[in-house]
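What follows is a short report on a single structure.
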Amino acid sequence: MKNPFDAVQRPYIDPDYSPTPGYTEAEFARLLAVARDHHRVAAYRTRAYALLLVLYTCCLRIDSLLNARVDDLGYDKGHRVLLLEKMKGGGRKKKPIPPAAWDALQGYLDGRTEGWLFQTATGGQLDEPAVWRLLRSLAKRADLPLRGPHGVKGDAVTHALAKPEARPDKVQRWADHKNPRTTQRYNHRKELLDDSPGYGLAADIAGALERSEA
């Protein structure tokens with residue numbers, strides 16, 4: 001039977017387009033500072049700071065991080081690592097934890113050696129809606145637009161790709177992307193106004209016009 005909607009023209013949706021604005025590195029640093037120093041609940045500041053720093057510097061999916069337990073932390077060949085239980089597509093992976101994130105994590109754990117890596121005040125598993133509420137509160141205090149937890153990974157990839165020494169293949173592996181096109185979808189730098197080639201063209205044209213008037 002013929003589908004009556006087959007003839008309906010559908011709008012084209014660019015798979016590389018995302019309407020969600022990303023943070024600059026300076027803006028993300030501001031969000032981290034608010035988490036560390038100005039969270040409205042002082043007792044939760046170490047948790048908020050460690051969670052965001054680990055999520056960002058390890059380029060993690062939020063569900064992977066929230067499913068991690070304290071005994072998934074380890075040491076391998078000179079690196080502090082997190083052994084992830086839940087990865088997109090299945091399997092386990094060791095993620096190196098940079099020193100700054102490790103220090104923040106240890107400050108939060110305060111000697112705790114069991115349970116969920118990030119847990120509630122009663123020892124339960126912290127869930128994604130709680131992280132959304134956290135980010136909403138922090139963004140408001142930092143005077144920034146709201147970015148969800150998945151956006152943190154997107155910003156991490158964007159900022160890593162923007163480094164002068166960046167290698168897309170390394171960033172792709174760090175982000176656990178099987179396809180390099182997926183990595184580029186996170187690369188919001190190509191959409192930033194600052195990167196518009198029009199600015200360079202305009203500067204050259206303005207210089208040419210000044211010379212022609214001289």
Side-chain angles (χ1 to χ4, degrees), residues 23 27-142 144 146-157 159-160 171 173-178 186:
Y23 290 156
E27 288 172 334
F28 191 79
R30 191 160 91 228
L31 189 77
L32 282 171
V34 170
R36 183 191 61 197
D37 303 325
H38 304 293
H39 190 293
R40 61 185 181 84
V41 183
Y44 293 162
R45 288 174 184 170
T46 56
R47 184 182 69 183
Y49 178 59
L51 187 148
L52 287 181
L53 199 53
V54 172
L55 192 64
Y56 178 77
T57 61
C58 296
C59 200
L60 296 172
R61 289 173 56 88
I62 186 61
D63 57 344
S64 296
L65 184 58
L66 296 181
N67 277 289
R69 302 185 69 88
V70 178
D71 56 13
D72 290 326
L73 296 174
Y75 186 83
D76 185 28
K77 299 177 181 177
H79 299 276
R80 301 290 186 180
V81 297
L82 173 62
L83 182 61
L84 296 176
E85 179 69 33
K86 186 177 181 181
M87 295 293 297
K88 189 173 183 180
R92 294 171 68 89
K93 183 179 180 67
K94 289 178 182 178
K95 298 283 284 192
I97 305 175
W102 180 261
D103 290 345
L105 191 55
Q106 294 308 304
Y108 160 59
L109 292 174
D110 194 26
R112 181 163 60 86
T113 59
E114 59 183 11
W116 298 106
L117 186 58
F118 290 98
Q119 63 182 25
T120 65
T122 58
Q125 183 182 19
L126 195 69
D127 59 19
E128 192 167 334
V131 178
W132 271 95
R133 291 191 296 271
L134 167 67
L135 290 172
R136 185 176 294 109
S137 174
L138 295 178
K140 184 176 181 180
R141 284 177 174 265
L144 292 168
L146 172 63
R147 289 281 278 165
H150 195 59
V152 175
K153 180 175 181 178
D155 288 341
V157 173
H159 300 162
V171 176
R173 290 195 298 271
W174 175 60
D176 302 308
H177 294 156
K178 293 182 179 179
Y186 285 88

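For this chain, numbers begin at 1 and follow the sequence in order. These values consider heavy atoms only, across backbone and side chains, with no hydrogens, waters or symmetry-generated copies.
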**Report entry** pair Cys59-Asp176: side-chain heavy atoms closer than 4.5 Å
**Finding:** no

Query raised in the report: Tell me the side chain to side chain donor-acceptor pair (under 3.5 Å) pairs involving residues 37-60, sequence neighbours left out?
Result: Tyr56-His159

**Report entry** Lys94 vs Leu83 side-chain heavy atoms within contact, under 4.5 Å
**Finding:** yes

Query raised in the report: With no hydrogens and no angle check, is any side-chain donor or acceptor of Asp103 less than 3.5 Å from a backbone partner on Ala100?
Result: no

Query - Leu117 vs Leu82 side-chain heavy atoms within contact, under 4.5 Å - result: yes

Requested in this report: Side-chain contact test, heavy atoms from C-beta onward, threshold under 4.5 Å: evaluate it for His177 versus Val171 and give yes or no.
Outcome: no

Requested in this report: Flag the pair Leu65 / Val131 as yes when at least one side-chain heavy-atom distance between them is below 4.5 Å, and no otherwise.
Outcome: no

Query raised in the report: Among all residues two or more places apart in sequence or in another chain, which pass the salt bridge (Lys or Arg N to Asp or Glu O under 4.0 Å) test with Asp110?
Result: none

Query raised in the report: Is Leu144 close to Phe28 at the side-chain level, that is, under 4.5 Å between some pair of heavy atoms?
Result: no

Query raised in the report: Do Ile97 and Val81 have side chains that get closer than 4.5 Å, going by heavy atoms?
Result: no

Report task. Taking the side chain as every heavy atom from C-beta outward, state whether Val152 and Ile62 have any atom pair closer than 4.5 Å. Result -> no

Report task. List in chain and number order the residues that pass ring-ring contact (aromatic ring centres under 6.0 Å, His included) with Tyr108, two or more places apart in sequence or in another chain; answer none if no residue qualifies. Result -> Phe118

